[in-house]
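Letters go in sequence order (proteins before strands), and every chain restarts at 1. What you see below is based on every heavy atom in this structure, not just the backbone, and it leaves out hydrogens, waters and symmetry mates.
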Amino acid sequence: MEYEPKKIEPRWQEYWEKNKVYRSEEATGRPKYYVLDMFPYPSGAGLHVGHPLGYIASDIVSRYHRHKGFNVLHPMGFDAFGLPAEQYAIQTGRHPAQTTHENITRFIGQLKKLGMDYDWDRMVVTSDPQYYKWTQWLFIQLFHHWYDRKAQRARPIRELEEIFRRQGNFGYHEQLLTGNLEGIEPIFSGREWENFSSLTRASILMNYRLAYQSYAYVNWCEALGTVLANDEVKDGVSERGGHPVERRLMRQWFLRITEYADRLYDDLDALDWPESMKEMQRHWIGRSRGLLLRFPLNKQKEEAIEVFTTRPDTVFGVTFLTLAPENHLWKKITPPAYYPQVEAYCTKAIQKSERERQAEVRQVNGVFTGAFALHPFTGEAIPVWVSEYVLGGYGTGAVMGVPAHDSRDFRFARHYGLPIRQVVMPPDSAENQELTTAYEEKMGTLINSEFINGLDVLQAIEAVIREAERRGVGQQKTNYRLRDANFSRQRYWGEPFPIYYDQDGVAHTLPEDQLPLLLPPLDDFRPTGRPEGPLGKLKEWVHPAPGIRRETDTMPGFAGSSWYFFRYMDPKNQKAFAGREALEYWRQVDLYIGGTEHAVGHLLYARFFTKFLYDIGLSPVNEPFKKLLNQGMILGRSNFVYRLKESNTYVSKNLAPQYDHIRLHVDVNLVHNDVLDIEAFRKAVPDAATAEFILEDGQYICGWEVEKMSKSRLNVVNPDDVIEQYSADTLRMYEMFLGPLEQSKPWSTSGIEGIYRYLKRVAAITEKVDRSKSAPDEKENIILHKTIKAITKDLEQYSFNTCVSHLMIGLNQFYELETLHPDTLATYCVLLSPFAPHLAEEIWHYLGREGSVTHAPWPIYREEWTRDAITPYPVAINGKTRFSLELPADMSPEEVERTVLAHPMAKRWLQDRQPRKVIVVKGRIVNIVV
RNA sequence: GCCCGGGUGGUGGAACGGUAGACACGCAGGACUUAAAAUCCUGUGGCCCACAAGGCCGUACGGGUUCAAAUCCCGUUCCGGGCACCA
């Protein structure tokens, strides 16, 4: 058989689609397996060669599980709301719905050409009203629930109202995070609650809802005209577009993810995820245990500055306190003489953009308030400062300055001449040595510290916490770096909030039977620059009835992507986000494949949503993704040409150093194995049409370098082109052959020939099939069963690159045989089918098999055919391999030792020396020690 | 600065502590062909030796553990990723 991918690939793709070969259904009695890809954002650029890496891997796993008899769910969809489509709309005036639809169509076409086994009937698109109806529904559920810390789960807000009515809020009032600011609700009794106005009640309840509205400092991006979540900001600029981000106090919707911090942290342990990924989440959550300590402002102890510290042991080393500029306490304590300077400092610091603040990280600045607080243990007066190195959004927005044991405090104290008091002695250090830097290790012995003198750090921490609690000046507390998720965007292309406000400005959710609240048509997408998004321009939509105003914010990108894995289970359900039966059947994603860039954003939000749905009894699981695999990035492999300065002459790479030249990127599609196709180059680059070329060995050799894939570097490779030139099966196998899945690697087409040749050889080996053969002979069986064993083992370990090698080795060995029994090749086809499904299907049918190869059972190897009767024994003298012997595999170690020592080569190496020890590792190696 | 990964031929990469370099690319030589492409065969880590036989050196660097180390431990260095005033 000749390999004709252009003919067979479309043919089988059509066959699979027509016969619904990959359809998934619930409750078939077979075990289920749910394998998922991180769904793409359908960008205008289409798929590039890096995208499919993870998709191919999941496709292989999916197909493998089908062969093993699992009922597989392997869906695909699109994360279709988001900024790029809207930015494009602003530039071109084309509606995002339209461009998004076009892009999706293109993506689907590209994915289908890759021969993926997706069940397209289950496709979800987050911008589809039938989908976002349920995103809105979910938001409504979050709005109507609060988090009961005692029960550690979400409960209906009605139950909280009941509690308030009966007993007031005592015990439910502490440290609620609202926006970025933590606060304590004033305590009220049940009777007081009954007497509150409905407005007051609504605003109190708002502080408890899991989806709530609050004023908070947010990341405002002027250029994009919207706020951004913390994980959408990198290095003080927006992740998309790199625009500056400033801090602004705005009224926003938030999701109270912080209530789930402990569970999100603790439940990581049980997940089968890469350790690095779990670490990133742990860092992001940033749980730390410490002491909340009060420094009274006067002897009456009516008011105090509260600080949070993870180093209570250093409390006797405190020489100053520092407030964040956002902490309004300074207004209360600053004496009039100091007020103007302090006010000026705070105003300036707060207005600084994220970027400015980051740029000044190493610089020290601050201002003395003129006020003093009292040390809770010694009663000493401690000066209070304000400095922007203290963050308003973390802890209490105030720290105790211990310059001897904190490098920031040390820098600050040095700069402003504040005393430095050492209280921890490092192990093995001499006393009275002046500190030149802060000693921050949690190791050593306490000195100058009253009741904790002589204790080690860890003991001292516990002792101080106990003593602070006993004296009533503080209590143990766990703090989190994690902030509540900003859920508002002042943009058009996102889910509208199912929220309206009454005359009093109280927020109400739409009745569920009015969902979806459709995104209204609009043709001017430009941001307003005001807190109100583009939807605010639609006066009639915003005010559908007198006294009623709709929310004009829309939801962020992660709204739809945080729960899509549930929708795949039951994508057409009109009555629920997914039906009970489907949820119970598919439960959770068994394998999730995607990039590390979603480590904290998407994966954390998805876990949060799942836990919430679990709490309210809708999800049977409380973690969405059982196992997670990261695919590495596919990097570009750029090529370069060298043009002489001031001349239209290009010089080959190795001759370039002899000339004065400049290096230029050249389109990698004009280069093969680093040799420039000069004719193509002349045609593609107008300036080069008449250029001269200085060659080496008759060729123009290009330089190369690994860089990120990007248009400007001319190193983008489109999968369509690769499929056109070779085939989908080639691309699939080649991407797997490139190396371990999780490793980043450069894309280069050199090497792809090997895969293409292999596939041609697979097709050609059909010529060796002998249908008159009564049964496979032993040689066939040994090759086949070794291959089955190796591939099965490697697949179980997701080692796809070595699978491809083993397929090649098996084929090479088959070529050494005269004939093959049809069964042998059919079985080999099954092994091949996850990797090259089109060719496998073609040969399967060529051999006259019924139905799709997809449904063929995975072969089981027979152990006795995976072992050779004779095995090589390398013999080493003192660990150095000197010669090798072929011996029966089942020979006893004693006999091996005798045979080896009797061998003339052994005699030669030993000469007259007596072996001190002989180590025989059965079936492996012999080592003679002299 | 801190926390994770990772350094193996010209290239991508293999290697339960057990013959380092599987498999593939590239390259060289050969066969087929008028020729090219395609295909097939042989060789291919470095050094020494005319060849062979054989030997020596080799998994970033320096030590260690072990009969045996790319693999385990300690230190150094370089590259990639994440976090970065989180008290």
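Considering only residues two or more places apart in sequence or on other chains, E863(A) meets the salt bridge (charged side-chain N to carboxylate O under 4.0 Å, His left out) condition with K789(A), R867(A). Checked against salt bridge (charged side-chain N to carboxylate O under 4.0 Å, His left out), K745(A) has no partners two or more places apart in sequence or in another chain.
The residue N801(A) sits close only to the backbone: its heavy atoms come under 4.0 Å of sugar-phosphate atoms, none of a base. V875(A) comes within contact range of no nucleotide atom at all, as no heavy-atom separation falls under 4.0 Å. As judged by a 4.0 angstrom heavy-atom cut-off over every strand, R757(A) is placed among residues touching the sugar-phosphate backbone only. Within 4.0 Å of P740(A), counting heavy atoms only, lie sugar-phosphate atoms of the nucleic acid but no base atom. Nucleic acid contact class of R882(A) (heavy atoms, under 4.0 Å, all strands): sugar-phosphate only. The residue R761(A) sits close only to the backbone: its heavy atoms come under 4.0 Å of sugar-phosphate atoms, none of a base. Contacts of T322(A) with the nucleic acid, taken as non-hydrogen atoms under 4.0 Å apart, are absent. Here L391(A) lies in heavy-atom contact (under 4.0 Å) with a base. Note on Q743(A): only backbone sugar-phosphate atoms sit closer than 4.0 angstrom, heavy atoms only; bases stay farther off.
Rounded to the nearest Å, the gap between the C1' atom of rA36(B) and that of rA52(B) is 38 Å. Using atom C1' as the reference point in both rG45(B) and rA50(B), the two lie 22 Å apart (nearest Å). Nucleotides rG43(B) and rA70(B) place their P atoms 26 Å apart, quoted to the nearest Å. Taking atom C1' in both rU59(B) and rA14(B), the straight-line distance is 12 Å, to the nearest Å. Spacing between rG12(B) and rA22(B) at atom P, rounded to whole Å, works out to 15 Å. The gap from the P atom of rU19(B) to that of rG81(B) amounts to 35 Å, rounded to the nearest Å. Nucleotides rU11(B) and rC61(B), compared at atom P, are 15 Å apart to the nearest Å. Rounded to a whole angstrom, the distance from the C1' atom of rC32(B) to that of rA15(B) is 38 Å.
The partner of rC85(B) cannot be assigned: no Watson-Crick or G-U wobble pair with both contacts below 3.5 Å exists in any strand. The nucleotide rG9(B) finds no pairing partner, because no Watson-Crick or G-U wobble arrangement with both distances shorter than 3.5 Å includes it. The partner of rU66(B) cannot be assigned: no Watson-Crick or G-U wobble pair with both contacts below 3.5 Å exists in any strand. Pair check for rG54(B) finds rC48(B); Watson-Crick or G-U wobble, both atom distances under 3.5 Å. The nucleotide rA20(B) finds no pairing partner, because no Watson-Crick or G-U wobble arrangement with both distances shorter than 3.5 Å includes it. Look at rC40(B): its Watson-Crick or wobble partner, with both distances under 3.5 angstrom, is rG30(B).
Closest contact between the side chain of E279(A) and the listed nucleotides rA14(B), rA87(B), rC3(B) involves rC3(B).
The two residues P874(A) and P872(A) have their closest heavy-atom pair at CD-O, 3.6 Å. In terms of heavy atoms, S727(A) sits closest to L759(A) at OG-CD1, 4.2 Å.
Nucleotide rA84(B) holds its P atom 5 Å from the CZ atom of R481(A), rounded to whole Å. Between the CD atom of E441(A) and the P atom of rC2(B) there is a distance of 10 Å, given to the nearest Å. W385(A) places its CH2 atom 22 Å from the P atom of rC85(B), with the value rounded to the nearest Å. What separates CE of M733(A) from C1' of rG12(B) is a distance of 15 Å, to the nearest Å. The NZ atom of K880(A) sits 5 Å away from the P atom of rC57(B) (whole-angstrom rounding). Spacing between atom CH2 of W284(A) and atom P of rC2(B) amounts to 21 Å, rounded to whole angstrom units. One atom, CD1 of I755(A), and another, P of rG13(B), lie 14 Å apart when rounded to the nearest Å. Rounded to whole angstrom, the span from the OH atom of Y815(A) across to the P atom of rC23(B) amounts to 17 Å.
Ionic pairing of K793(A) and E796(A) is not present here: no N-O contact between side-chain nitrogen and carboxylate oxygen is shorter than 4.0 angstrom. The pair R247(A)-E326(A) counts as a salt bridge, with a side-chain nitrogen and a carboxylate oxygen less than 4.0 angstrom apart. We find that E4(A) and K760(A) are not joined by a salt bridge, their nearest charged nitrogen and carboxylate oxygen being 4.0 Å or further apart.
Ring-plane geometry between H598(A) and H602(A) is classed as perpendicular, the angle between the planes exceeding 60 degrees on a 0 to 90 degree scale with a lower cut at 30.
For Y389(A), no side-chain nitrogen or oxygen approaches OP1 or OP2 of rA87(B) to under 4.0 Å. In this model, the phosphate group of rA38(B) is not approached by any side-chain N or O of K760(A) to a distance below 4.0 Å at OP1 or OP2.
Residue-to-nucleotide proximity on RNA chain B shows that, of I925(A) and V600(A), the 5′-proximal contact is made by I925(A). A residue-by-residue look at N812(A) and P746(A) shows that P746(A) has its nearest nucleotide of RNA chain B further toward the 5' end.
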Inset, instruction - Take T802(A) and S799(A), measure what side-chain hydrogen bond (donor to acceptor under 3.5 Å, both in side chains) needs, and give me the verdict at the end. - result: CA-CA 6 Å; T802(A) 52; S799(A) 174; 2.5 Å; yes
* Kindly determine whether K278(A) and D272(A) satisfy salt bridge (Lys or Arg N to Asp or Glu O under 4.0 Å), including the steps that lead there. => CA-CA 9 Å; K278(A) 294 202 232 178; D272(A) 186 3; over 6 Å; no
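By the rule that a glycosidic angle within 90° of 0 means syn, rG21(B) does not qualify and counts as anti.
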Show each protein N/O and nucleotides 67-71 of chain B N/O combination with a separation under 3.5 Å, one pair to a line.
{"residue": "rC67(B)", "atom": "O2'", "partner": "N927(A)", "partner atom": "ND2", "Å": "3.2"}
{"residue": "rC67(B)", "atom": "O2", "partner": "N927(A)", "partner atom": "ND2", "Å": "2.6"}

